[in-house]
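One structure is given below, encoded as structure tokens.
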Amino acid sequence: MINTKWILPLAFAGGLTFPAIAFLLPGDAATETQSQVQDPKDAPKDTPKKKDKTLKLGSVLPKKLALPDFDGKSHSFDDLRGKVVIVHFWSHRCPAERHANPIFRDMEKLYKDSKDVVIVGICSNQPELGEEPKEGADYKKLYGDLRKKVKAEKLNHLMLVDHGNKVSSLFAARSTPHCFVFDKKGKLRYSGALDNDPRGRKGKEATNYLVDTAKALLADKQPEVTNTKPYG
């Protein structure tokens, strides 16, 4: 019988860190005697593993889903019902954000006076976040690099932190910026890329999928594009 060891590396993909597939490696060989062989009828039945639930198009955000901001204040997505919610996963050091940040600044201006659209950024890159703060932590001393980048990029929309990838796993977010748009009832209506211009060459000719989706939803129409491949 061959002994085995599980090795669980971490995979880094476009700004988000997730557990990777485990690799099975051979260990020391051992001799198996007849007495060590388990009778098949005595073997325990396999218990099916529950698959992690992820949001699909048409899924509704779970009630009580909440994340803290850089200062530790909790923000509930349920409080955003009644608004079109644009969500993007963000990293302060992902190269793709050099293209995305100016676009989000323009979107902030577009929706500055809107009571119907809100933009939410989520930071899920665990090395960027560091250890999850303990009760009583001084939040002013935390997330220094993230704070500096947000200030330098002049991003003024809500930024939340996702320790343990709880929300990024729910969203199945795999890169930055991976973007999502929810309608006023909290239903997922778009998932994918920010635009169709990842190299930033199209300028004003580029299609901003988030703005187009929000425009359709505000007009009570079905978005023309509901799913694209995210980049980052």
Side-chain angles (χ1 to χ4, degrees), residues 5-23 49-56 59-81 83 85-98 100-101 104 108 118-182 186 188 191 194 230 232:
K5 297 179 181 178
W6 289 101
I7 297 179
L8 295 172
L10 289 178
F12 182 78
L16 300 185
T17 304
F18 299 97
I21 298 173
F23 294 93
K49 292 183 178 180
K50 293 183 179 179
K51 293 183 178 181
D52 293 334
K53 292 182 178 180
T54 57
L55 294 178
K56 308 293 183 184
S59 296
V60 177
L61 280 171
K63 287 187 176 295
K64 299 183 180 180
L65 180 66
L67 286 174
D69 59 23
F70 293 157
D71 296 319
K73 180 181 177 180
S74 180
H75 296 264
S76 172
F77 284 89
D78 203 40
D79 292 339
L80 300 178
R81 294 289 170 89
K83 300 178 183 291
V85 182
I86 296 172
V87 176
H88 68 103
F89 285 81
W90 184 81
S91 164
H92 78 76
R93 60 188 182 190
C94 176
E97 297 292 4
R98 289 198 292 267
N101 289 332
F104 280 108
E108 288 176 350
V118 62
I119 304 172
V120 179
I122 300 179
C123 305
S124 280
N125 187 326
Q126 301 306 299
E128 291 181 7
L129 296 179
E131 294 185 5
E132 187 168 4
K134 297 180 180 179
E135 187 176 353
D138 185 355
Y139 279 84
K140 294 181 180 179
K141 297 179 180 180
L142 301 176
Y143 314 120
D145 290 337
L146 292 169
R147 293 176 187 269
K148 290 178 183 178
K149 188 65 174 181
V150 167
K151 184 177 180 180
E153 293 292 342
K154 298 180 181 180
L155 297 174
N156 295 312
H157 58 276
L158 182 63
M159 285 288 188
L160 305 177
V161 294
D162 179 24
H163 284 281
N165 294 125
K166 300 178 182 68
V167 174
S168 61
S169 294
L170 174 66
F171 281 51
R174 291 293 179 267
S175 63
T176 52
H178 194 163
C179 306
F180 304 81
V181 182
F182 297 85
L188 180 59
S191 171
L194 167 61

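All figures in this text were calculated on a predicted structure; none of them were measured in a lab. All heavy atoms count here, side chains included; hydrogens, waters and symmetry mates do not.
Here the NE2-CE distance, from His75 to Met159, works out to 12.5 Å after rounding to the nearest 0.5 Å. With values rounded to the nearest 0.5 angstrom, Leu194 atom CG is found 9.5 Å from Ile86 atom CD1. How far NZ of Lys63 is from OG of Ser76: 9.0 Å, rounded to the nearest 0.5 Å. With values rounded to the nearest 0.5 angstrom, Asn125 atom CG is found 8.5 Å from Asn165 atom CG. Taken to the nearest 0.5 Å, the CG atom of Asn101 stands 12.0 Å off from the NE2 atom of His92. Here OG of Ser59 is found 6.5 Å from CG of Leu188. Values are rounded to the nearest 0.5 Å.
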* Given Leu55 and Leu61, is the side-chain contact (heavy atoms from CB on, under 4.5 Å) satisfied, shown in steps? -> CA-CA 8 Å; Leu55 294 178; Leu61 280 171; 3.8 Å; yes
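Looking only at side-chain heavy atoms (C-beta outward), Arg93 and Asp145 stay at 4.5 Å or farther from each other. Under the 4.5 Å side-chain criterion, counting only non-hydrogen atoms from C-beta, Leu170 is in contact with Pro62. Residues Leu142 and Glu131 have side chains not in contact (no heavy-atom distance under 4.5 Å, counting atoms from C-beta outward).
Distance alone, capped at 3.5 Å, places no donor-acceptor pair between the Glu132 side chain and the His163 backbone. Checked by atom type and distance alone, the side chain of Asp69 pairs as donor or acceptor with a backbone atom of Lys73 at under 3.5 Å. A donor-acceptor pair is defined here as one N or O able to donate and one able to accept, closer than 3.5 Å; such a pair exists between the side chain of Gln126 and the backbone of Ser124.
Residues Ser175 and Pro230 come closest through the heavy atom pair OG-CB, 3.7 Å. Across Leu146 and Cys123, no two heavy atoms sit closer than the pair CD2-SG, 4.2 Å. When all heavy atoms are compared, the tightest approach of Phe70 to Arg147 is O-NH2, 2.7 Å. Closest heavy-atom contact between Tyr139 and Pro133: OH-CB, 3.6 Å.
When the options Val120, Val150, Ile119 are evaluated for a side chain to side chain contact (heavy atoms under 4.5 Å, CB included) with His157, the one that passes is Ile119. Here the rule is side chain to side chain contact (heavy atoms under 4.5 Å, CB included) with Val167, and of Leu160, Val161, Leu67 only Leu67 fits it.
Ring geometry for Phe171 versus Phe89: interplanar angle over 60°, hence perpendicular rather than tilted (30 to 60°). Under the 30°/60° scheme for interplanar angles, the aromatic rings of His178 and Phe180 are found to lie parallel.
The aromatic ring centres of Phe104 and His88 sit less than 6.0 Å apart. Residues Phe182 and Phe77 place their aromatic rings such that the two centres sit no closer than 6.0 Å.
Looking at Glu128 and Ser91, their side chains do bring a donor and an acceptor atom within 3.5 Å of each other.
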